[in-house]
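Some notes on the structure that comes next.
Quantities reported herein were computed from a predicted structural model and do not represent experimental measurements.
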Amino acid sequence: MQPKTFNSTNKTKRMVNSKIGKISLGALLIAGARDLRAQYAPPPPPAPFPGFLNEYLRKNDPYMNQWDFGGNVRLRYEVKEGFAIPGVPGSLDFRDHGADVDNEYFLSRIRFHAGYTDKWWSAYAEGRSSIAVDDDRFAYANNPAIPGTSAYEGHGPESDRIDLHQAYVTIGNHKEFPLSLKVGRQELSYGEERLVGAFAWNNIGRVFDAVKLRWQNELFAADLFTSRVVIPEDNQFNVNNDYDTFSGVYATSPLIPKHSLEVYFFSRNSSADAIAAEPRPQAPQLSARDIYTFGFRLKSKPGELGNWDYTIETAGQLGSFKDIRLGLNSPRLDQEAYMAVIQGGYTFSDLWATPRLGLEYAYGSGDNDPRDNKHETFENLFPTNHKFYGYMDFVSLQNVHDVRGILQLKPHKRVSLALEGHGFWLADTSDNFYNVGGAPRGGVATTPGTGYGINPNYSNFVGTELDAIVGVAVTRYAQVEAGYGHFFVGDYIQQSLSSPNFGSRDADYIYLQATISF
């Protein structure tokens, strides 16, 4: 067998491709760091790590730079006390007695991928195995009952033992031409992921079967996409929801001095069949709606305002919404809702651990009368809520005021710490207290003191949450993380669970996590 020879043209081409790859990677890392300043970010690895197999192959054959093989393993143990356990009768968030509200379980997730990049096209495939052990939650509780679906205990909502996570093809080269096309199963992530995100904290995550066009030049970049969300189902190959279409345009521009501007329009169109598209979905599907969301996000560029940083984001919604609280055969309501987030911080760059103090206010509108012809509760779309409204995952950006205080510390280049506090109020007591998945706790009415529902005479103060998180980059391929949260119940929760057979209590949360890349 003859040894390979490399002419000067190939060598130059490899050098150019390598530089382009480094520039692109650097841009992605900078963008990611910019978006993560408002919430806890794990410490970066002490050195870049392309993966064991990639290192071996690229060392022995420069042509292997076009290939990418690798993955990661994430292990997490969670302890929850005072949390509702979907599928367990009577189990409610913050219930003190009369039902089980304590759950401990172990989650593991393995992702493994293979990719190939040429000058004008690339392909990527990623498999995933998500396993849950000792999780008491039902995979699908079916409460309230949806015709055409059935309750399923399984191994819990975060178990999907083997499936295809991503598989897509990209055509285009933004160094040569501003337009590219990406087709296939893929993650969608925009802004800070308040409205559209990959939900990476979840043991399964979120992907879409999508077609996406991207225009990118020095003046602006814009994505134009249409997609259908994929429904997780353990022991079944995951398919998308044929009756739930999500489309949009998301544009970014650096032309405002010292700032980046993002403008977006999203359209979510679901028919009456969407809610029962699959018989046992592990992520409950939504009722019929046509929601049109338009908004913008303005963010200061790192270092452009000295040690200060800030972000403003707001969005409005129009369209129609079927509120199943009023019955599956109820007419659609006019959607009229909005959200707003403002956050700012100051980094003491000259002090030990470079502390950053931040303050944030987030508002999601609520409905002041569920029986009129309007639905004024903001639709949270496809968010990664875990990063924003408390790490205990009780709250979404719906019918809520959230005041958040943040202290972030980096005592060592491999260590990051975060302390956060939240105060939560209902935006309108004529609407529900929504969970992190966007589902209302309770219905239109409830017997006083025996659960959540719509109680206009109750206090709007939900409670406060304190969180502490620490992360350590042990090596360039291994990372550990731990967190603790405590939720102090407020007057609204105490009144909702005031019956002697229920009672209310604070909630506690502990997690330990390790991530290993390979």
Compute whether any side-chain donor of one residue and acceptor of the other, for N142 and Y140, lie under 3.5 angstrom apart. yes
Electrostatic pair D244:R228 at N-O distance under 4.0 angstrom: no
Verify side-chain contact (heavy atoms from CB on, under 4.5 Å) between F83 and R137, making sure each step is shown before the conclusion. CA-CA 10 Å; F83 287 68; R137 297 174 295 174; over 6 Å; no
Check: V229 and F246 side chains under 4.5 Å, non-hydrogen atoms: no
Enclosure of N329 CG (heavy-atom neighbours >12, cutoff 6.0 Å): no
Hits for side-chain hydrogen bond (donor to acceptor under 3.5 Å, both in side chains) against E193, two or more places apart or cross-chain, chain-then-number order -> S189, T384, K387
Run the ring pair (Phe, Tyr, Trp, His ring centres under 6.0 Å) test on F518 and F112 for me, step by step, so that the C-alpha distance in whole Å, both residues' side-chain angles and the decisive distance to 0.1 Å come before the verdict. CA-CA 9 Å; F518 57 85; F112 39 92; 8.0 Å; no
According to ring-ring contact (aromatic ring centres under 6.0 Å, His included), who are the partners of F199, at least two apart in sequence or on a separate chain? none
Does a donor on one side chain and an acceptor on the other come within less than 3.5 Å for Y152 and E233? no
Say you draw a straight line from CG of L298 to CD of E313; how long is it, rounded to the nearest 0.5 Å? 10.5 Å
Which residue pairs satisfy the side-chain hydrogen bond (donor to acceptor under 3.5 Å, both in side chains) criterion with at least one member in residues 471-482, sequence neighbours excluded? E55-R476, E481-Y511
Taking the inter-plane angle between the rings of F266 and Y250 on a 0 to 90° scale, is it parallel (under 30°), tilted (30 to 60°) or perpendicular (over 60°)? parallel
SB check R74 E158 (cutoff 4.0 Å): no
Correct closest heavy-atom pair for G421 and L466 would be CA-CD2, 3.8 Å
Which atom of G82 lies closest to which atom of F394, heavy atoms considered: O-CZ, 4.4 Å
Taking C-beta and beyond as the side chain, do L92 and V101 meet within less than 4.5 Å on heavy atoms? no
Just grab all the salt bridge (Lys or Arg N to Asp or Glu O under 4.0 Å) pairs involving residues 98-113, residues at least two apart or on different chains. D102-R505, R111-E187
Hey, mind stepping through F382 and L188 against side-chain contact (heavy atoms from CB on, under 4.5 Å) and telling me if it holds? CA-CA 9 Å; F382 299 99; L188 295 179; over 6 Å; no
Without swapping roles, check the side chain of H97 against the backbone of F502 for a donor-acceptor pair under 3.5 Å. yes
With rounding to the nearest 0.5 Å, note down the distance linking CG in D242 to CG in D273. 10.0 Å
Test side-chain contact (heavy atoms from CB on, under 4.5 Å) applied to L497 and D96, step by step: CA-CA 8 Å; L497 303 176; D96 184 51; over 6 Å; no
Side-chain heavy-atom pair S159, D135 within 4.5 angstrom cut-off: no
Assess the residue pair D372 and K374 against the criterion (salt bridge (Lys or Arg N to Asp or Glu O under 4.0 Å)); give the C-alpha distance rounded to whole Å, side-chain angles, the decisive distance to 0.1 Å, and a yes or no. CA-CA 6 Å; D372 64 12; K374 293 188 294 185; 5.1 Å; no
Which residues pass the ring-ring contact (aromatic ring centres under 6.0 Å, His included) test with F138, sequence neighbours left out? none
Measure the spacing between CG of N457 and OG1 of T429 and express it to the nearest 0.5 Å. 7.5 Å
Rounded distance [0.5 Å steps], CD in E465 versus CG in D506: 11.5 Å
The criterion is ring-ring contact (aromatic ring centres under 6.0 Å, His included); which residues satisfy it with H375, sequence neighbours excluded? F321
Strictly by side-chain hydrogen bond (donor to acceptor under 3.5 Å, both in side chains), give each pair with a member in residues 390-402 just once, sequence neighbours left out. Y361-H401, H386-D393, Y391-E420, S396-Q398, D402-H422
Do I324 and S287 make a side-chain contact, defined as non-hydrogen atoms from C-beta onward lying under 4.5 Å apart? yes
Audit row: D160, N238, side chain to side chain donor-acceptor pair (under 3.5 Å) steps and yes/no: CA-CA 9 Å; D160 190 15; N238 294 344; 2.7 Å; yes
Heavy atoms of P89 and A99 approach each other most closely as O-CB, 3.8 Å
Ring pair (Phe, Tyr, Trp, His ring centres under 6.0 Å) for Y190 and F225? Distances and angles first, verdict last. CA-CA 12 Å; Y190 291 108; F225 68 89; 5.7 Å; yes
F388 six-ring centre to R194 NZ/CZ under 6.0 Å and within 45° of normal: yes
Please assess Y243 against I275 for the test side-chain contact (heavy atoms from CB on, under 4.5 Å), listing each intermediate value before the final yes or no. CA-CA 9 Å; Y243 311 101; I275 197 169; over 6 Å; no
Between N385 and N380, a side-chain donor and acceptor under 3.5 Å: yes
By ring-ring contact (aromatic ring centres under 6.0 Å, His included), which residues pair with Y458, not counting sequence neighbours? none
For I131, give me all partners under side chain to side chain contact (heavy atoms under 4.5 Å, CB included), at least two apart in sequence or on another chain. S108, S129, V133, R161
Strictly under 6.0 Å, is that where the ring centroids of F378 and Y363 end up? no
Mind checking what makes side-chain hydrogen bond (donor to acceptor under 3.5 Å, both in side chains) contact with K322, not counting sequence neighbours? none
Any pair with a residue in residues 276-293 that passes salt bridge (Lys or Arg N to Asp or Glu O under 4.0 Å), sequence neighbours left out, goes on the list, sorted by first then second residue, please. R289-E379, D290-R332
For the residue pair F424 and F487, does the interplanar ring angle fall in the parallel (under 30°), tilted (30 to 60°) or perpendicular (over 60°) class? parallel
Roughly how far, to the nearest 0.5 Å, is CG of N103 from CG of D136? 4.5 Å
One thing to verify: whether E78 and R76 come together as a salt bridge, which I'm taking to mean a side-chain N less than 4.0 angstrom from a carboxylate O. yes
Applying ring-ring contact (aromatic ring centres under 6.0 Å, His included), which residue pairs with at least one partner in residues 267-294 are found, sequence neighbours left out? none
